[in-house]
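Some notes on the structure that comes next.
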Protein chains: 2
Amino acid sequence: MMNDLHDLGRRTAALDKVIELSVLLNDDMDRDLARRNLTRSRVHVVWLISQHGPMTQRDLAAVIGVSARNVTGLVDGLERTGFVRREPHPSDRRALLVTLTPHGEETAADLQRGYVELAGQLFGSLPPRRLDELTKGLDHVLAELRRAIAEAESG
Amino acid sequence: MMNDLHDLGRRTAALDKVIELSVLLNDDMDRDLARRNLTRSRVHVVWLISQHGPMTQRDLAAVIGVSARNVTGLVDGLERTGFVRREPHPSDRRALLVTLTPHGEETAADLQRGYVELAGQLFGSLPPRRLDELTKGLDHVLAELRRAIAEAESG
DNA sequence: GTTCACGATGAAGCTACCACATGATGAATG
DNA sequence: CATTCATCATGTGGTAGCTTCATCGTGAAC
């Protein structure tokens with residue numbers, strides 16, 4: 001497998017870079033969100049509703065992958081700060097539909113614009129060929145990671 | 001600037017991949033840490049001590065970038081679960097030196113091995129040339145991100 | 001029409017963070 | 001050497017995100 005020290009060093013250096021990128025990106029996003037009175041967990045809810053339309057809290061919980069109880073809390077916060085409203089479900093009186101307020105809609109559109117802008121800042125100065133190489137490399141790593149995770153989960 | 005729709009799509013797709021990688025990596029790490037009765041915040045402390053040797057809580061707070069009060073809590077947790085000990089500082093009776101227990105040392109070594117192993121899984125099957133391209137791409141993106149952050153902070 | 005499933009929420013508890021106040025010690029100053 | 005000011009850790013109290021378990025109302029199926 002040619003796992004000499006040089007290879008190991010190059011691989012861990014690459015992983016270092018991925019992780020550093022992840023940390024910086026998260027910090028940057030958190031700063032941006034804090035300015036808007038949002039958190040990552042809450043903006044996830046706003047984002048999903050802006051993409052899929054009004055959703056029940058149960059559905060939100062399933063998509064986000066957290067407990068329904070937790071979604072109650074997230075929606076509480078978003079309602080307090082004016083991003084969403086709880087509306088009765090038209091056909092199921094147990095359920096509530098979480099919908100975006102106008103402010104919530106504007107925020108989602110803003111975030112979308114910011115996302116595209118960030119992508120431009122990060123990748124805009126990369127020649128198409130190099131962007132392509134980078135994308136292929138990321139695809140490769142993503143595939144390997146998914147494989148490793150699936151393997152760890154099964155066996 | 002040639003910001004046509006195609007370019008925008010390729011750039012946001014690349015950002016999507018970086019973010020997905022970040023999410024998967026974080027989840028994977030959290031699962032691994034949970035098995036060891038650790039959290040990301042706590043393991044950060046363990047990691048720093050394993051690299052720098054025993055440190056005061058004040059120093060830990062400065063390096064991690066959180067309040068000293070918070071480090072007290074992290075060390076409380078690590079002490080309860082047997083990863084670290086608080087020892088008197090040899091020359092400053094106000095301060096405590098946080099040191100690793102044998103279990104903490106073993107854990108740090110384990111984590112180190114796991115990290116190298118993960119790097120191997122993710123990058124091992126990438127031909128050297130492609131790993132090199134990927135690394136250069138990541139360097140480019142990291143530099144752009146740091147630039148963007150610095151710019152946002154100053155102006 | 002009763003039984004069982006399901007949606008949302010109250011209660012209680014954990015971790016990670018914060019700011020502010022306090023008590024003890026260190027260090028510097030007159 | 002005594003006072004003063006800075007520094008280390010921690011108590012207190014607060015926010016946010018997450019959990020499980022219990023409850024209450026409603027849906028749905030037998």
Side-chain angles (χ1 to χ4, degrees), chain A residues 23 26-27 29-49 54-99, chain B residues 23 26-27 29-49 54-99:
Chain A
V23 169
N26 276 333
D27 289 355
M29 286 176 171
D30 285 346
R31 270 193 298 273
D32 193 68
L33 293 176
R35 260 179 259 128
R36 297 184 145 91
N37 273 303
L38 277 171
T39 64
R40 245 181 298 169
S41 296
R42 290 183 188 174
V43 87
H44 200 350
V45 171
V46 171
W47 183 247
L48 286 175
I49 300 175
M55 298 172 74
T56 65
Q57 298 188 178
R58 206 80 203 183
D59 287 347
L60 285 167
V63 175
I64 298 176
V66 297
S67 67
R69 185 59 185 85
N70 189 33
V71 172
T72 298
L74 295 177
V75 172
D76 283 349
L78 287 167
E79 206 169 33
R80 249 190 299 115
T81 47
F83 291 89
V84 307
R85 258 194 315 266
R86 276 186 247 241
E87 298 191 349
H89 191 288
S91 63
D92 186 343
R93 276 183 297 173
R94 293 170 305 177
L96 299 173
L97 278 182
V98 184
T99 67
Chain B
V23 169
N26 276 333
D27 289 355
M29 285 177 172
D30 285 346
R31 269 193 299 273
D32 194 68
L33 293 177
R35 258 179 261 131
R36 298 182 144 90
N37 273 303
L38 277 172
T39 63
R40 245 181 297 171
S41 296
R42 289 182 189 175
V43 87
H44 200 348
V45 171
V46 171
W47 183 247
L48 287 175
I49 299 175
M55 299 172 73
T56 66
Q57 299 187 178
R58 207 81 202 182
D59 287 346
L60 285 167
V63 175
I64 299 176
V66 299
S67 67
R69 186 58 185 88
N70 190 32
V71 172
T72 298
L74 295 177
V75 172
D76 283 348
L78 286 168
E79 205 169 33
R80 248 189 301 116
T81 47
F83 291 89
V84 306
R85 257 193 317 265
R86 276 185 246 241
E87 298 192 347
H89 191 288
S91 63
D92 186 343
R93 276 182 299 172
R94 294 169 306 176
L96 299 172
L97 277 182
V98 184
T99 67

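Lettering follows sequence order; numbering is per chain, from 1.
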Could you run through nucleotides 2-14 of chain C and give me one letter per nucleotide, 5' to 3': B if any protein heavy atom sits under 4.0 Å from the base, S if only the sugar-phosphate is that close, - if neither? ----BBBBBB---
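Here B/Ser41 reaches the OP1 or OP2 of C/dC17: one of its side-chain N or O atoms lies under 4.0 Å away.
With sequence neighbours excluded, the residues that form a side-chain hydrogen bond (donor to acceptor under 3.5 Å, both in side chains) with A/Asp92 are A/Arg94. A/Met55 pairs by the side-chain contact (heavy atoms from CB on, under 4.5 Å) definition with A/Leu48, A/His52, A/Asp59, A/Leu60, A/Val63, not counting sequence neighbours. Considering only residues two or more places apart in sequence or on other chains, B/Arg40 meets the side-chain contact (heavy atoms from CB on, under 4.5 Å) condition with B/Asn26, B/Asp30, B/Leu33. Contacts of A/Asp27 classified as side-chain hydrogen bond (donor to acceptor under 3.5 Å, both in side chains), with partners at least two apart in sequence or in another chain: none. With sequence neighbours left out, the salt bridge (charged side-chain N to carboxylate O under 4.0 Å, His left out) criterion links A/Arg80 to no other residue.
When every heavy atom of A/Leu38 is checked against every heavy atom of A/Arg42, the shortest pair comes out as CD2-CB, 4.2 Å.
If A/Arg93 and A/Gly73 are placed on DNA chain D by their nearest nucleotide, the residue sitting closer to the 5' end is A/Gly73.
Taking 4.0 Å as the cutoff to heavy atoms of chain A, we find the contact window on DNA chain D bounded by D/dA16 to D/dG27.
Contacts classified as ring pair (Phe, Tyr, Trp, His ring centres under 6.0 Å) and involving residues 64-99 of chain B (residues at least two apart or in different chains) are given here: B/Phe83-B/His103.
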List, one per line, each side-chain donor-acceptor pair under 3.5 Å for residues 64-73 of chain A, sequence neighbours excluded.
{"residue": "A/Ser67", "atom": "OG", "partner": "A/Asn70", "partner atom": "N", "Å": "3.2"}
{"residue": "A/Thr72", "atom": "OG1", "partner": "A/Gln57", "partner atom": "NE2", "Å": "3.3"}
{"residue": "A/Thr72", "atom": "OG1", "partner": "A/Ala68", "partner atom": "O", "Å": "3.4"}

